[in-house]
Amino acid sequence: MKKVVLTLVLSLVGLGMFAQSKQAPKVLKYVTQAPDGSVSMTILDDSRDNTMKLESANTFYKYQIIDPKTSRPILTASNSGKECKINKERIGEGTYDIRLYNRSFVITSKIKVSAPRKITDAMHQDAVASND
């Protein structure tokens, strides 16, 4: 009986050590409103992805990611249309200001960027998915 209990305990401990942790993905959503109450800018940051999605109610021609400590842009990009993707690997994890420029005004908001997904994490997830 002691051997059975000991074997069972060791089996459970072994399974617990080799089990993969399943973290729930985090999706951060930032919404900035215009003074009239309309939504001017929305940013979606999915922790499972290396990009963030930037959407605006109005067409914008440029955006900047600003380092709040130095007030200097760390990323400036052109755009045509109402949405774009921002590569998180180019800016890294942290808190930033974002400025969105359109013909009439500039929208500014504070965002927190999640860590970019590492290549090894992506390869591991792809391997696990292919084994299912």
Okay, side chain of Y101, backbone of I107: is any donor-acceptor separation there less than 3.5 Å?
-> no
Counting distance only, does the side-chain N/O of K88 pair as donor-acceptor with the main-chain N or O of D49 below 3.5 Å?
-> yes
Salt bridge check: are D67 and K69 linked by an N-O gap of less than 4.0 Å?
-> no
Do V106 and Y30 belong together in a cluster built from hydrophobic side chains that touch within less than 4.5 Å?
-> no
Is it possible for you to say whether L75 and L100 belong to one hydrophobic cluster, with membership spreading through side-chain heavy-atom contacts below 4.5 Å?
-> yes
Got a donor-acceptor contact below 3.5 angstrom from the D45 side chain to the S114 backbone?
-> yes
Going through the distances and angles, do L54 and K85 end up as a side chain to side chain contact (heavy atoms under 4.5 Å, CB included)?
-> CA-CA 6 Å; L54 172 60; K85 299 251 182 195; over 6 Å; no
For the pair K110 and D97, find out whether any cationic side-chain nitrogen is under 4.0 Å from an anionic carboxylate oxygen.
-> yes
Kindly compute the distance separating CZ (R90) from OG1 (T51), expressed to the nearest 0.5 Å.
-> 12.5 Å
Taking the side chain as every heavy atom from C-beta outward, state whether F60 and R103 have any atom pair closer than 4.5 Å.
-> no
Taking the side chain as every heavy atom from C-beta outward, state whether K53 and E83 have any atom pair closer than 4.5 Å.
-> yes
Using the rule that two of Ile, Leu, Val, Met, Phe, Trp, Tyr join whenever any of their side-chain heavy atoms come within less than 4.5 Å, decide whether V27 and I43 are in one cluster.
-> no
About how many Å separate OG1 of T95 and CD of E93, when rounded to the nearest 0.5 Å?
-> 9.0 Å
Would you call I91 and M52 a side-chain contact if the rule is heavy atoms closer than 4.5 Å?
-> yes
Can you measure from CG (N79) to SG (C84) and round to the nearest 0.5 angstrom?
-> 4.5 Å
Under a 4.5 Å side-chain heavy-atom rule over Ile, Leu, Val, Met, Phe, Trp and Tyr, are Y96 and L28 clustered together?
-> yes
Minimal heavy-atom distance between I66 and P73, with the atoms involved, is CD1-CA, 3.8 Å
Verify same cluster id: I86, L44 (apolar side-chain graph, 4.5 Å) | no
So how far is it from Y63 OH to M41 CE, rounded to the nearest 0.5 Å?
-> 12.5 Å
Output, in order, the C-alpha distance, side-chain angles, deciding distance and verdict of side chain to side chain contact (heavy atoms under 4.5 Å, CB included) for I98 and T108.
-> CA-CA 6 Å; I98 184 166; T108 303; over 6 Å; no
Donor-acceptor side-chain pairing of S56 and N58 below 3.5 angstrom = no
